[in-house]
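Read through the structure below, which is laid out as structure tokens, and then see the notes.
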Amino acid sequence: MPSLAELENPQSAISSDVYAADGTLLGRYYVLDRSNSKFSEISPNIINALLATEDARFYDHAGIDPFATVAIPFYMIIHKRRGSSTITQQLAKNLFPRKSESFMTLPFMKLKEWVLAVKLERNLTKNEIITLYLNTVPYGDNVYGIRNASLTFYNKAPDKVSIDEAAVLVGMLKGNTIYNPRSHPKKSKDRRNVVLDQMRKYNYISQDQYNELTAKETPLDYHKIDYHDGIAPYFRMIVEQQAKLALKDLKKPDGSPYDIYKDGLKIYTTLDTRMQRYAEEAMQEHLTELQKTFLEQSGYRDGSIWSKGNSNIQNILNTAIKSSDRYQGFRNADLSPEKALAAMNVPIKMRVFAWNKNKYMDTVMSPVDSIKYMKVILQSGFLAMDPFTGEVKAWVGGIDHNFFQYDHVNINTKRQVGSTIKPLLYCLAVDAGYSPCGNVSTTGQEFPGMDHIYDADKDVAKPYPDQVPMKTALALSINNAALYMLKQVGIDAFVDFAHKCGIVSRMDKFPSVALGVSDISLYEMMGAYSMFPSGGMNTQPFFLSKIEDKNGMLVKNFAPVQKEIINANTSYKMIKLMREVVDRGTGARMRFKYHLMNDIAGKTGTTSNQADAWFIGYTPQLIAGAWVGCDDREFRFHSERLGQGAAAALPIWAYFMRRVYADKTLNIDPNKKFKQPDGFDNCDANDQTSEARSDTETGKGKQGDVDSEPVEHIEHTEKTDNSEYH
């Protein structure tokens, strides 16, 4: 028999809990794909329909209905099947299912369920029992729980369900496949009317209501989603994946494999709930305004971009339409492609994402228009970690997990990185003995074995001479200077070095690799950058601390993966170089607009036609990175001024760090400085870095106009045509 603890909290027997670093419960992983509702969040219509159909005397019995039980022999004699199990008995069976069943064991199983029902009644209130029942039963289409059911079939929360909708949902409990309203609408309607008749019989509805409701249709608003609310939904999904992978080859004491959905495991992570909240707020603060600016561009707000004859955009739209659940539903209903497409153009009521308090809006538009609307929503990814330990502190994979479940931090999500690759190139050169104070060429470069000169800045106005100091070249993100550095160290050596730093993505060995044409994940870039603030130690991001079984016994422990890539002198030289980016380079708005005068170093990144915007920055205690762009690269900023990394991605970083510095409980010291290693060889006796920073702080440097800062030279490195550099 289940223990008292299991009866009082039945979910603990089938769920694993995931915790933040401070012990906050982030979420649970269940054996069934369901989300729970409180009793107060369930419409009385659902409760009434359930009671009328399944257990009319629910509030009068103590778990077993004596009248229904006594009547069993009578119905057996007349060969009529009639359910006699109460809701509490059904709940007992759902929570603690029968392991085996035969003619001999069935009476004992029923007796056990009776005892369990009585125990449940003694330890739970009636409302708790009915809520738990509705949260555990299946409703068809692999949907469990009343919340998921109402959202899936009617796109509304369970407290908004109407009487006839409630009758359909409760009707499915008798057979969630045969009475599924999506796949069997006629049988579902018949079953709905049976439920309505029961509600009339027990006076939950009047005869007039019954007549009206049975005469009408109950239209579906089918929208099957995985409901993920609460903090860090993208993070919880990656934890789920990695926890399963970590447990794959481990066995329980009884020799069976671990199952995070029913073994009651405790999964501890490195996530800091305060930083996570600040990261989510920072992303919302910036993108709320940036999205408005993005849509004000020609072709986006008026929708004309979809009718300009761009074949790539038309292909994107057609693919999205045909892969949508709604279109597939029309085709499954035997509609021809032409009729299915026509139905997709009929305006209907729907809910779409919006940057407001609720992060959605209810509107009327056609499914095709909704696809167009959602395609031009800017997406983002943000990751913050401790550069010394690799502990992930914040992970925001996207703007809203309900509407956009694609994780833009995940190692498998790769985008062109643009100029954020350049610090790795400069680092290799510095580590090989090139002086940060030496001059580098800004002219076009000729590579061995290639028959023409590569001039990445030929279409860019050049406010600098043919030779500039290395720190200026990186601060201004001069593309030809990067090609020059690549020629000095060698293409093969650079690609090998990037892989050594933790970049596992493919990097083609062509000159354009120095300009960031490679598709690399934010996760990888963060690990590669970790060697700068940590004194040369490369630390890969990690977020699982330990996993315990339901009894608190350690199942698996996790530790950082670290290796030394460069020495402390090289790492500090890179800090000085990358601090120039923030002090007087492409990231200067960190100082003059966001007024962060702390010790900060970093690098912006922007790809061709502003399809991707990046900023990765670090302080002596924390490293964080942000990416912004649309999921489809055809949709991008038309303006270099608005779409560059400094304008589109850096503000998220700045808003995040403002909040972090303001929270003294985090112990992130705003006055902490990067530590210069003993015996550091400072090549520049007249170092201008501190002078530039001082000028910025006193107002002698850049002033508050965004356009006054250096604009990053956009890398003309479209993945679709790299012939110029290849």
Taking the side chain as C-beta and beyond, is there a heavy-atom pair between Leu271 and Lys393 under 4.5 Å?
-> no
Has the side chain of Asn356 got a donor or acceptor atom that lies under 3.5 Å from a matching backbone atom of Asn358?
-> yes
Below 4.0 angstrom, N of the basic side chain to O of the carboxylate: do Arg591 and Asp583 qualify?
-> yes
Do Asp599 and Arg579 pass the salt bridge (charged side-chain N to carboxylate O under 4.0 Å, His left out) test, and can you show the C-alpha distance, the side-chain angles, and the key distance before you say yes or no?
-> CA-CA 8 Å; Asp599 214 355; Arg579 193 160 54 193; 2.9 Å; yes
Are any non-hydrogen side-chain atoms of Glu280 and Ile231 less than 4.5 angstrom apart?
-> yes
Flag, side chain of Thr607 to backbone of Gly516, donor-acceptor distance under 3.5 Å | no
Looking only at heavy atoms, which two atoms of Thr270 and Ala21 are closest? And how far apart?
-> O-CB, 3.7 Å
Which residues satisfy the side-chain contact (heavy atoms from CB on, under 4.5 Å) test with Asp631, sequence neighbours excluded?
-> Gln379, Tyr406, His408
Examine the side chains of Thr539 and Ser530 and answer whether a donor and an acceptor come within less than 3.5 Å of each other.
-> no
For Glu580 and Arg584, run salt bridge (charged side-chain N to carboxylate O under 4.0 Å, His left out): C-alpha distance rounded to whole Å, both residues' side-chain angles, the deciding distance at 0.1 Å, then the answer.
-> CA-CA 6 Å; Glu580 285 282 279; Arg584 56 178 183 168; 2.6 Å; yes
For this output row, return yes or no: ring centroids of Tyr594 and Tyr655 closer than 6.0 angstrom.
-> yes
Does some side-chain heavy atom of Met525 sit less than 4.5 Å from a side-chain heavy atom of Ile503?
-> yes
Spacing of Thr586 atom OG1 and Leu650 atom CG [to the nearest 0.5 Å] = 8.5 Å
Do Trp614 and Thr604 touch side chain to side chain, with heavy atoms closer than 4.5 Å?
-> no
What one should report as the nearest heavy-atom pair of Met531 and Cys501 is CE-SG, 3.5 Å
Would Asp663 and Arg658 pass as an ion pair if we require N to O under 4.0 Å?
-> no
Go through Ile348 and Met365 one step at a time and tell me if the side chain to side chain contact (heavy atoms under 4.5 Å, CB included) criterion holds.
-> CA-CA 6 Å; Ile348 58 173; Met365 64 172 68; over 6 Å; no
Decide whether Thr665 and Arg274 meet the rule of one side-chain donor and one side-chain acceptor closer than 3.5 Å.
-> yes
So, do Trp355 and Leu378 sit near enough that their side-chain heavy atoms are less than 4.5 Å apart?
-> no
Identify whether the distance between the nearest side-chain nitrogen and carboxylate oxygen of Glu289 and Lys292 falls below 4.0 Å.
-> yes
Rounded distance (nearest 0.5 Å) linking atom CD of Gln328 with atom CD1 of Ile321 | 12.0 Å
Would a line drawn from the ring center of Tyr234 to the ring center of Trp395 be shorter than 6.0 Å?
-> no
Examine the side chains of Asn598 and Asn671 and answer whether a donor and an acceptor come within less than 3.5 Å of each other.
-> no
Might you work through the ring-ring contact (aromatic ring centres under 6.0 Å, His included) test for Trp306 and Phe635, ending with a clear yes or no?
-> CA-CA 11 Å; Trp306 301 100; Phe635 309 112; 5.3 Å; yes
Heavy-atom side-chain proximity of Leu666 to Tyr278 below 4.5 angstrom = yes
Closest heavy-atom pair and its distance - Ala514, Lys422 | O-CG, 3.7 Å
Parallel, tilted or perpendicular: ring planes of Phe404 versus Phe353, cut at 30 and 60 degrees = perpendicular
State whether Lys375 and Glu634 are salt-bridged, where the test is any N-O pair (Lys NZ or Arg NE/NH1/NH2 against Asp/Glu carboxylate O) under 4.0 Å.
-> no
Euclidean distance, Asn318 CG relative to Ser323 OG, rounded to 0.5 Å | 10.5 Å
From Asp612, Asp632, Asp519, residue fulfilling salt bridge (Lys or Arg N to Asp or Glu O under 4.0 Å) relative to Arg415 | Asp612
Could you check Arg351, Lys160, Lys349, Lys156 and say which one makes a salt bridge (Lys or Arg N to Asp or Glu O under 4.0 Å) with Asp362?
-> Arg351
For residues Ser477 and Lys603, determine if any side-chain heavy atom of one lies less than 4.5 Å from a side-chain heavy atom of the other.
-> yes
Please report the C-alpha distance between Asp407 and Asn412 in whole Å, then the side-chain angles of each, then the deciding distance to 0.1 Å, and finally whether the side chain to side chain contact (heavy atoms under 4.5 Å, CB included) criterion is met.
-> CA-CA 9 Å; Asp407 188 341; Asn412 296 314; over 6 Å; no
Return the orientation label for the Tyr300 and Phe294 ring planes: parallel under 30°, perpendicular over 60°, tilted otherwise.
-> tilted
Gap between atom CZ of Arg147 and atom CG of Leu151 - 0.5 Å precision | 5.5 Å
Do NZ/NE/NH1/NH2 and the carboxylate oxygens of Glu240 and Arg236 come within less than 4.0 Å?
-> no
Residues which pass salt bridge (charged side-chain N to carboxylate O under 4.0 Å, His left out) with Arg659, listed by chain and number, not counting sequence neighbours = Glu281, Glu285
Could you tell me whether Lys322 atom NZ has more than 12 heavy atoms of other residues or ligands within 6.0 Å of it?
-> no
Which heavy atom of Ile575 sits nearest a heavy atom of Phe532, and at what distance?
-> CD1-O, 3.4 Å
CA sep, side-chain torsions, deciding dist, call: Gln621, Asp386, side chain to side chain contact (heavy atoms under 4.5 Å, CB included) | CA-CA 7 Å; Gln621 295 174 280; Asp386 184 321; over 6 Å; no
Pairing residues for Asp400 by the salt bridge (charged side-chain N to carboxylate O under 4.0 Å, His left out) criterion, not counting sequence neighbours | none
Would you mind reporting whether Glu640 and Gln610 have side-chain heavy atoms less than 4.5 Å apart?
-> yes
Where is the tightest heavy-atom contact between Ile371 and Ser324, given as atom of each residue plus distance?
-> CD1-CB, 4.4 Å
Between Trp627, Phe615, Tyr618, which is the residue that forms a ring pair (Phe, Tyr, Trp, His ring centres under 6.0 Å) with Trp653?
-> Phe615
Do Ser366 and Asp369 meet the criterion of a side-chain donor-acceptor pair at a distance under 3.5 Å?
-> yes
Mind running side chain to side chain contact (heavy atoms under 4.5 Å, CB included) on Leu26 and Phe235 for me, showing each step along the way?
-> CA-CA 9 Å; Leu26 295 175; Phe235 180 73; 4.0 Å; yes
Taking atom types as modelled, find out whether Ser505 and Glu524 have a side-chain donor-acceptor pair closer than 3.5 angstrom.
-> yes
Shortest non-hydrogen separation from Leu486 to Pro511 and the atoms involved | CD2-O, 3.4 Å
Main-chain N/O of Ile411 paired with Lys414 side-chain donor or acceptor, under 3.5 Å | yes
Check the pair Tyr484 / Tyr454 against ring-ring contact (aromatic ring centres under 6.0 Å, His included), numbers first and verdict last.
-> CA-CA 10 Å; Tyr484 171 82; Tyr454 296 88; over 10 Å; no
Stepwise ring-ring contact (aromatic ring centres under 6.0 Å, His included) check, Tyr360 with Phe403 = CA-CA 9 Å; Tyr360 67 80; Phe403 292 95; 7.2 Å; no
